[in-house]
There are 2 protein chains.
Amino acid sequence: MQKQNGKLFVISGPSGAGKGTIVNAVMDQADPSGTALSISMTTREPRPGEEDGVNYFFVTKEEFRRQIEAGGFLEYAEVYDHYYGTPKSKVMEKLNQGKDVILEIDIQGALNVKKAFPEGVLIFILPPSMEVLRSRLTGRGTDAPEVIERRLSKTRGELAFIDRYDYGVVNDDLKEAVETVRAIMRAEHARVDENLHTLIREKYGEA
Amino acid sequence: MQKQNGKLFVISGPSGAGKGTIVNAVMDQADPSGTALSISMTTREPRPGEEDGVNYFFVTKEEFRRQIEAGGFLEYAEVYDHYYGTPKSKVMEKLNQGKDVILEIDIQGALNVKKAFPEGVLIFILPPSMEVLRSRLTGRGTDAPEVIERRLSKTRGELAFIDRYDYGVVNDDLKEAVETVRAIMRAEHARVDENLHTLIREKYGEA
C-alpha cells in the first residue's frame, strides 16, 4: 500500500451502532506497525488491571487543566466530575511515524476533533435499522419501553449529524462494515493530497 | 456492500502506466451485475471480430456529429480522421441500473469527462518509476533513444495533471494497485452524498 504520513480515522456514530466492535475487528486485521489506536487521557482513577499508557493516560486534574490551557487536546469532555480527552501530541507522534491512528468517539467528540484537526477522516457508523436497534434494546430487558423509545428518537436525531462526516458505513453485516472501513483507510491513502505530492516528488523528481 | 446508484470511475494516466492491465484485472474480479465497462462510440470501420455494442458502438460520421450537437458525449476526440467518444446516455443508463461504470481513457479525455460529469471519480494511474518506464521502452527495442527521452519527458509533464484528479495509484505492484482501485470504488460508495442520504431516508425514515 502506498503510504507516507499516517492519517487519523475517527470512528463515531450513535451508541448501539456497533462502533466498538468494528474498531476491534479493524485493529485485529491491521498491521500493528502501521495502525494504532488513540489512547485517551483521563483524570479518573485506574481500575484494577488498567495500565497507564495502554488503557488510558492517567493524570491529575491539575495536569489535565494545564493541557487544556495549552491547547493540548483534539477534544475533551467532562463526564461525572472526571475529564476525558484525546491528547494531540500522542496522535501527532504516531501520524509522523507513518502510522494511521484510529479514534473511537461519540458524535460530539468527533465534531470537535474535525474542528481541531480538519485532516481527520470522519466515519459515521450507522445502526442496521431502527427495528434491529429496538429489538436489541428490548431484548436486553433492562429498559422500560418509554426509555427505549426515547433512546431511538435520540438516535434518529443523531443521524442528521452525518452531513458533517466524510463517510457513512451501515453496520448491517459486521464483516462487510469492517471491509468498508478498511477500504476507506486504503482509499484515503490514494487521495490526491500533500502526502501523495511528496511521494510523486520523491519517485519521479520535480514535475 | 452498501449501494444505490452506480458511480462512474475514470481510470486514466500517462501511457505506459499500465491502466489497461489494471482495468482488466478490476473487471475480472468485479461482479458483472454490479460493474460495467464503458463502451466507446466510433466512426471507424469495425475490424474483423469486433462487434457493435461490445467492442465499440459503430456509427456513421453524420450520426456522430448529430450526437455531438445534441450534447450526447461525456468526451470525444477526432483521431486520424475518425471520431471516438463516450456516449453519455449509455453511461447514465448503467449508473441508473445501480451499476458502477469504469471508463479507461487518456488524460485529456478524463479532464473533459470531469467537466461534463463532475460526479465522476478520477483515478490517476502512476507508472512504477521513470527508471522502470525507461527500461520498458528501451527493452522493446522499437524506439530510438531520443524518442524514448521525449516520451519520458512528456510523461513527467503529464504528472502535473494529477492535481485535477481525486486519487492517484502507483502501479508498482499490479496486485496492490488493483486492490487500491477496488478499495476506492468501495469507499466511494460510503461517501456522505445524495446516494447515502437516500439510503438513510429509506432505512431509518426522515431524520
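Within every chain, numbering begins at 1; the chains are lettered A, B, ... in the order of the sequence lines, protein sequences first and strands thereafter.
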Open item on the list: Shorter than 4.5 Å, heavy atoms on both sides: which option in B:V192, B:I123, B:D166 has the most such pairs with chain A?
Closed with: B:V192
Open item on the list: Under 4.5 Å from any heavy atom of chain A, what part of B:D163 do you find: side chain, backbone, both or neither?
Closed with: both
- [ ] Answer yes or no: are there more than 12 heavy-atom neighbours, outside B:Y76 itself, under 6.0 Å from its atom OH?
- [x] no
Open item on the list: Please classify the contact of B:E158 with chain A as side chain, backbone, both or neither, using a heavy-atom distance under 4.5 Å.
Closed with: neither
Open item on the list: If I compare all heavy atoms of B:R186 with all of A:A183, which pair ends up nearest, and what's the gap?
Closed with: CD-CB, 3.8 Å
TODO: Taking all non-hydrogen atoms of both residues into account, name the closest pair between B:A190 and A:I184 and its distance.
DONE: CB-CD1, 4.1 Å
Open item on the list: Could you check whether atom CZ of B:F161 has more than 12 heavy atoms from other residues, nucleotides or ligands sitting under 6.0 Å from it?
Closed with: no
TODO: Side-chain contact test, heavy atoms from C-beta onward, threshold under 4.5 Å: evaluate it for B:L196 versus A:I162 and give yes or no.
DONE: yes
Task: Any A:T180 side-chain heavy atom under 4.5 Å of B:H189 side chain - done: no
Task: Ring-face cation of A:R156 near B:Y204 (centre distance under 6.0 Å, axis angle within 45°) - done: no
Task: Shortest non-hydrogen contact between B:A187 and A:A187, atoms and distance - done: CB-CB, 3.7 Å
Acceptor/donor pairs from residues 7-19 of chain A side chains to any protein atom, 3.5 angstrom cut, sequence neighbours excluded:
{"from": "A:K7", "atom 1": "NZ", "to": "A:E188", "atom 2": "O", "distance (Å)": "2.8"}
{"from": "A:K7", "atom 1": "NZ", "to": "A:D193", "atom 2": "OD2", "distance (Å)": "2.7"}
{"from": "A:S12", "atom 1": "OG", "to": "A:I105", "atom 2": "O", "distance (Å)": "3.1"}
{"from": "A:S12", "atom 1": "OG", "to": "A:D106", "atom 2": "O", "distance (Å)": "3.4"}
{"from": "A:S12", "atom 1": "OG", "to": "A:Y165", "atom 2": "OH", "distance (Å)": "2.7"}
{"from": "A:S15", "atom 1": "OG", "to": "A:R151", "atom 2": "NH2", "distance (Å)": "3.3"}
{"from": "A:K19", "atom 1": "NZ", "to": "A:G13", "atom 2": "O", "distance (Å)": "3.0"}

TODO: Just do the side chain to side chain contact (heavy atoms under 4.5 Å, CB included) check on B:K203 and A:L126 with the steps written out, would you?
DONE: CA-CA 10 Å; B:K203 268 187 96 77; A:L126 292 147; over 6 Å; no
TODO: May I ask you to check whether over 12 heavy atoms, not counting those of B:K88, lie within 6.0 Å of atom NZ?
DONE: no
Open item on the list: Around atom CZ of A:R164, are there more than 12 heavy atoms from other residues, nucleotides or ligands closer than 6.0 Å?
Closed with: no
Open item on the list: With a 4.5 angstrom heavy-atom cut-off, is it the side chain or the backbone of A:P128 that approaches chain B, or both, or neither?
Closed with: backbone
- [ ] Among the options B:R182, B:E131, B:H197, pick out the one with the most heavy-atom pairs lying under 4.5 Å from chain A.
- [x] B:H197
